[in-house]
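In what follows, every heavy atom counts, from backbone to side chain, and hydrogens, waters and symmetry copies are set aside. Quick caveat, the model's predicted, so the values are computed rather than measured.
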Number of protein chains: 2
Amino acid sequence: MTSAQNAIFKALSDPTRRAIFEGLCRGGSQSVVSVTQAAGISQPAVSKHLGILKNAGLVSDQPQGRQTFYSPNVGALSQLTDWTTEMTAFWNARFDALDDLLKRMDQ
Amino acid sequence: MTSAQNAIFKALSDPTRRAIFEGLCRGGSQSVVSVTQAAGISQPAVSKHLGILKNAGLVSDQPQGRQTFYSPNVGALSQLTDWTTEMTAFWNARFDALDDLLKRMDQ
DNA sequence: CAGTTTCATAACCGATTGGCTATGCGTTAT
DNA sequence: ATAACGCATAGCCAATCGGTTATGAAACTG
């Protein structure tokens, strides 16, 4: 669990990778050449980034003849929101406990 | 904007930093010594991590005599959820457009 | 069949990272 | 006043990272 979570956080920590992912969300499924042109870096670098995103479950690849199309897995982003809501819940629980304490002290 | 966003993603990409942040959310404001004991690494390493979290706006420090207490800024996590909802919106917009197209073709 | 396109992998390189120890400075305790 | 504590900074090091060029394997094209 945590390992998949870690892969997602790591994958999205690089601005180039976030830009690639955003490009796929905006433009839909795209070939490596297409992603490369948008990214402004070499094709091998893009392939490496796509590999990391794929490994994290953030994108899927659909080979089609000699080109491979990549599409985003927006569902994987739930790992992110799940973590943030969990952290917020932990933090809020402390205030709830404090509220209870203050109420009890009030009586 | 994007620079602050980048700092947050980078800060949370390290599992040790996420653990420290989670510890602060769970346990509330804590001194550096307390965080260090929980983290299981050296105090200077913890100070560096806390500095990065603070720089990203994820924690705040309250100096108090010779010790400094750190508390989480859960509000900063909205940057994360904002980005994910934006990506999801981009992706869904493509399906909405496809829906429209199909509906128009149906008529 | 020969040539081109598409992509992934390998090998390399400079920069960054995450850890450590050593140290210094301010604060509290004796 | 001296010692001990709490924290941050500096300097170091191995490991990882993000980019590059070179190369090769498939898949199309003519």
Side-chain angles (χ1 to χ4, degrees), chain A residues 2-24 27-73, chain B residues 2-24 27-73:
Chain A
T2 295
S3 128
Q5 196 183 63
N6 196 38
I8 289 189
F9 272 101
K10 272 249 167 67
L12 294 178
S13 70
D14 181 59
T16 301
R17 248 153 9 223
R18 285 203 307 280
I20 289 177
F21 184 80
E22 174 169 347
L24 292 177
S29 187
Q30 291 169 38
S31 73
V32 175
V33 168
S34 168
V35 174
T36 299
Q37 289 170 344
I41 54 180
S42 70
Q43 174 266 315
V46 169
S47 275
K48 214 191 282 186
H49 283 308
L50 286 172
I52 292 174
L53 289 171
K54 176 185 171 186
N55 202 330
L58 284 163
V59 303
S60 304
D61 57 336
Q62 295 94 27
Q64 205 162 323
R66 69 179 157 183
Q67 43 190 353
T68 302
F69 287 87
Y70 283 84
S71 50
N73 264 340
Chain B
T2 295
S3 130
Q5 196 183 65
N6 195 39
I8 289 190
F9 271 102
K10 272 247 167 69
L12 294 178
S13 70
D14 180 59
T16 301
R17 261 175 330 247
R18 284 203 306 280
I20 288 177
F21 184 80
E22 174 169 348
L24 292 177
S29 188
Q30 291 171 38
S31 72
V32 175
V33 169
S34 168
V35 174
T36 299
Q37 289 169 346
I41 54 179
S42 70
Q43 173 266 314
V46 169
S47 275
K48 212 191 282 187
H49 282 310
L50 287 172
I52 292 174
L53 289 171
K54 176 185 171 187
N55 202 331
L58 284 163
V59 303
S60 305
D61 57 336
Q62 296 94 28
Q64 205 161 322
R66 68 179 159 185
Q67 43 190 352
T68 301
F69 287 86
Y70 283 85
S71 51
N73 266 339

_When you measure from the side chain of B/Q62 to the backbone of B/S29, do you find a donor-acceptor pair of N or O atoms at a distance under 3.5 Å?_
no
*Would you say the side chain of A/Q43 and the base of C/dA8 hold a donor-acceptor pair, judged only by whether the two atoms sit under 3.5 Å apart?*
yes
*Nearest-Å distance, CD (A/Q64) to C1' (C/dT5)?*
16 Å
*Do you know which two heavy atoms are closest between B/A39 and B/I20, and how far apart they sit?*
CB-CG1, 4.5 Å
*Just checking A/P44: base, sugar-phosphate only, or nothing, at a heavy-atom cut-off of under 4.0 Å?*
base
*asked:* Expressed as a whole number of angstroms, how long is the span from B/R17:CZ to C/dT16:C1'?
replied: 12 Å
*asked:* Minimum heavy-atom separation for B/S42 and B/T36, please, with both atom names.
replied: C-CG2, 4.1 Å
*Is A/F69 touching bases, backbone alone, or none of the nucleic acid, heavy atoms closer than 4.0 Å?*
nothing
*Residue mapping more 5' on DNA chain D - nearest nucleotide basis, A/T16 or A/R66*: A/T16
*Stretch residues 30-40 of chain B: residues that reach within less than 4.0 Å of DNA chain C through a heavy atom*: none
*Would you kindly give the NZ-to-P distance between B/K48 and C/dC20, to the nearest whole Å?*
10 Å
*Taking all non-hydrogen atoms of both residues, which atom of B/P15 and which atom of A/K10 are closest, and how far apart?*
CD-NZ, 4.3 Å
_Distance check needed: D/dC7 P versus B/Y70 OH, whole Å only._
9 Å
_Quick check: closest heavy atoms across A/A7 and A/A56, and the distance to 0.1 Å?_
O-CB, 3.7 Å
_Out of the candidates A/S31, A/S60, A/P63, A/S34, only one should pair with A/F69 under the side-chain contact (heavy atoms from CB on, under 4.5 Å) rule; please name it._
A/S31
*Rounded to the Å, how far apart are B/Q62 CD and D/dA8 P?*
12 Å
*Grab the two heavy atoms, one from B/F21 and one from B/V59, that are nearest each other, plus how far apart they are.*
CD1-CG1, 4.1 Å
_B/F9 versus A/L12, closest heavy-atom pair with distance_ = CD2-O, 3.5 Å
*Just checking B/A45: base, sugar-phosphate only, or nothing, at a heavy-atom cut-off of under 4.0 Å?*
sugar-phosphate
*Of all of residues 49-61 of chain B, which get a heavy atom below 4.0 angstrom from DNA chain C, listed by number?*
B/H49
*Answer with base, sugar-phosphate or nothing: what part of the nucleic acid does A/T68 contact at a heavy-atom distance below 4.0 Å?*
sugar-phosphate
*For A/Q67 and D/dT29, give me the distance from atom CD to atom P, rounded to whole Å.*
10 Å
*Could you tell me the separation between the CG atom of A/N6 and the C1' atom of C/dT17, rounded to a whole number of Å?*
14 Å
*How far does CD1 of A/I52 sit from OG of A/S47, to the nearest 0.5 angstrom?*
11.0 Å
*Between C/dT17 (P) and B/I41 (CD1): distance, integer Å*: 16 Å
*asked:* Looking at A/S42, I'd like to know whether one of its side-chain N or O atoms comes within less than 4.0 Å of OP1 or OP2 on D/dT20.
replied: yes
*Check each of B/L50, B/L24, B/N73, B/L53 against B/L58 using the side-chain contact (heavy atoms from CB on, under 4.5 Å) test, and report the only one that passes.*
B/L53
